[in-house]
Amino acid sequence: MKKPLKMKGAGVLLLCVVVLAACNETTDIASTTPEAASTATTTGTTAVAASGKAVTTDVIQKVEYAADDAYTDWTSANPTKISLTGTSATIEGEGAAAKGSKIAITKAGTYVVSGKLTDGQITVNVKDKGVVRLVLNGVEISNSTSSAIFVEEAGKAIISLQEGTENFVTDGTKYVYPDATTDEPNSAIFSKDDLTINGTGKLVVKGNYNNGITSKDKLKITAGTLDVKAADDGVMGRDLVAVQAGTLTIDAGGHGIKTTNDKEGSEGYISLAGGTFTIKSGEDALHSSGGLDVSGGDLHINAGDDGIHAEVSLAIAGGTIDITQSNEGIEAPAVLISGGKTNVVSTDDGVNISSGNAESAEGGGGAPGAATSGAGRAPGGAPGASGANSSNMLTITGGFLSVDSKGDGLDSNGSITMSGGTVVVNGPIENNNGSLDYDGTFVMTGGFLVAAGSSGMVQATSDKSTQAGVLMTYTKTQQAGVLVHLEDSAGNTIITFAPAKNYQSVFVSSPNLKQDNSYTLSSGGSSTGTATKGLFEGGTYQGGTKVVDFKTATMITWLSETGVTEARSGMMGGPGGGRQGGGGGGMPPQGGGQRPQRAAQ
């Protein structure tokens with residue numbers, strides 16, 4: 001199902017993502033050392049304002065790591081020692097004072113904290129904007145009416161987790177504020193300025209009131225083991241959340257990791273370059289108000305809403321992503337997949353490329369059938385005035401992507417391009433969705449794609465593609481696990497695939513599939529090869545039943561059990577693009593083959 005993203009104002013930037021592949025200036029994040037800062041250089045692109053004027057913006061930002069973002073030994077820094085004693089503390093050194101259970105730090109420097117503080121708070125208020133480093137050396141800090149650690153003002157705060165220690169920070173379920181206009185702090189650890197977490201120890205955070213860890217500026221995690229449980233968002237940064245390494249376990253009632261800055265041109269950003277993540281969330285697991293990139297790490301996601309969601313753009317260049325539960329797996333106006341291994345399970349669309357004005361999508365002032373992004377189709381299945389939004393694009397240049405969706409598998413309210421990588425789609429079994437769904441074109445120039453699913457809304461790649469494709473449509477539903485085997489006239493295997501669910505159509509595009517060649521499609525049998533998400537590699541296929549012999553006379557070949565058929569009108573994404581209904585294709589038309597108008601959700 002198509003669902004519009006909420007965008008801002010008349011001057012909103014809509015990504016012109018055709019250039020995502022062209023403007024590729026990506027390098028890996030260098031390792032950080034205490035002696036030098038490191039930088040993550042990222043992909044730039046062009047955006048188009050609502051006025052139609054092209055402007056340049058960085059959709060994947062540069063993330064800079066300073067020397068003090070890395071953990072260093074604190075013993076030589078002449079630290080102030082804070083020993084928590086239950087309802088107060090003893091302090092050795094300068095820059096901190098205890099007043100009952102409230103410990104106030106007012107000078108830049110290094111502070112080593114140990115012990116237990118009951119219903120108390122550590123506050124940082126450094127007027128000269130210096131750097132304050134809190135070394136948590138085995139602490140338990142709780143506060144029943146506010147944040148346990150509150151950075152009111154500092155140039156930067158660093159929380160270092162001492163090796164071999166476990167540290168616990170907890171807030172209460174209800175905060176007490178000085179007046180009705182105050183709503184901060186609102187998380188167990190709250191910083192109004194930049195915050196970095198490093199070290200090799202463990203930090204357990206329970207955000208019982210709202211969020212677990214919050215920075216109103218930039219939040220960076222370069223190491224450590226973090227276990228965060230939050231009533232709402234787990235880990236949040238207004239402008240940035242960047243993770244370089246570490247182990248993060250997040251259980252959040254709202255978003256798992258989130259940025260919030262939605263100011264046009266300076267939207268928040270999430271960058272994951274490494275680490276291990278286990279995220280369970282009530283809403284999105286990863287939610288960025290701007291861009292988001294994953295270049296490394298190992299992510300395990302169980303999301304009540306979207307697995308990974310970005311309001312502007314999303315790039316996956318490396319790492320392993322396993323989304324075991326989601327509404328929509330991956331969603332953004334622009335998605336670029338160039339590497340990594342990504343697995344998506346979704347109750348709606350697997351990958352959804354969508355942007356739009358929520359008010360327009362809800363019918364605010366738009367003429368019936370005038371399609372805003374993700375707002376459905378004009379009557380009769382024809383695209384509306386802007387049904388194929390040219391600024392929405394799914395670009396796949398490498399990596400491995402598997403999708404198991406109840407809704408559309410790959411769904412673009414715009415277009416799709418694929419030049420490399422491997423994509424396996426186990427799409428819907430119901431005919432109101434398709435394993436491939438795009439409004440503009442799907443230009444395939446390289447890579448390997450297999451997509452199985454229902455046949456009512458079936459699409460192949462566009463005839464503008466330079467790599468051949470075959471779409472097989474069966475008259476009857478085939479059972480899950482029944483092999484689809486395609487080989488050339490010399491007996492060379494093009495594909496052996498076991499769809500995970502019942503299916504009535506299979507689309508295949510492979511570099512080994514050529515135009516003007518003869519092929520045989522078989523069903524059933526077995527393979528001795530190694531299967532990855534149902535796709536077999538190597539081994540021998542045997543015991544199958546021939547379904548049809550055919551010749552690929554055109555770039556995109558449509559098949560039924562009786563042989564080559566004509567493509568359904570408008571379903572191949574030709575010059576007109578998109579789905580425009582029609583029947584044929586060797587199977588009975590379903591409702592005239594027209595795509596029903598689907599309201600934005």
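Because the structure is a prediction, the values reported are computed rather than measured.
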Q: Could you tell me which non-hydrogen atom of Val423 sits nearest to which non-hydrogen atom of Ile396, and how far apart they are?
A: CG2-CD1, 3.8 Å
Q.
Pairing donors with acceptors under 3.5 angstrom, does anything connect the side chains of Asp298 and Thr320?
A. no
Q: Examine distances only and state if a side-chain atom of Ser326 and a backbone atom of Val344 form a donor-acceptor pair shorter than 3.5 Å.
A: no
Q) Judged by modelled atom types alone, do Asn343 and Asp322 share a side-chain donor-acceptor pair under 3.5 Å? A) yes
Q) For Thr222 and Asn198, does a side-chain donor sit closer than 3.5 Å to a side-chain acceptor? A) no
Q) Relative to each other, are the rings of Tyr503 and Tyr474 parallel, tilted or perpendicular (30° and 60° limits)? A) perpendicular
Q: Using side chain to side chain contact (heavy atoms under 4.5 Å, CB included) as the criterion, point out the one residue from Thr342, Leu410, Leu292, Leu394 that pairs with Ile330.
A: Thr342
Q.
Quick one: does any side-chain atom of Ser462 pair with a main-chain N or O of Ser465 as donor and acceptor, under 3.5 Å?
A. no
Q: Would you please say whether a donor-acceptor pair under 3.5 Å links the side chains of His485 and Thr496?
A: yes
Q. Can you name the closest pair of heavy atoms from Leu513 and Ala468 and give their distance?
A. O-CB, 3.4 Å
Q) Is a salt bridge present between Asp251 and Lys280, judged by a nitrogen-to-oxygen distance below 4.0 Å? A) no
Q | Check: Thr445/Gln467 side-chain N/O donor and acceptor closer than 3.5 Å | A | no
Q: Measure across Ser405 and Gly407 and return the closest heavy-atom pair with its distance rounded to 0.1 Å.
A: OG-O, 2.9 Å
Q) Are any side-chain N or O atoms of Glu561 and backbone N or O atoms of Thr475, one a donor and one an acceptor, separated by less than 3.5 Å? A) yes
Q) Short question: side chain of Asp488, backbone of Ala490 - any donor-acceptor pair under 3.5 Å? A) yes
Q) If only atom types and distance count, is the side chain of Thr249 paired as donor or acceptor with the main-chain N or O of Asp227 below 3.5 Å? A) no
**Q.** Among Leu272, Ile221, Thr276, Leu299, side chain to side chain contact (heavy atoms under 4.5 Å, CB included) partner for Leu248
**A.** Ile221
Q | Lys501, NZ atom: more than 12 neighbouring heavy atoms under 6.0 Å | A | yes
(Q) Treating Thr552 as the side-chain partner and Thr554 as the backbone partner, does any N or O pair qualify as donor plus acceptor under 3.5 Å? (A) no
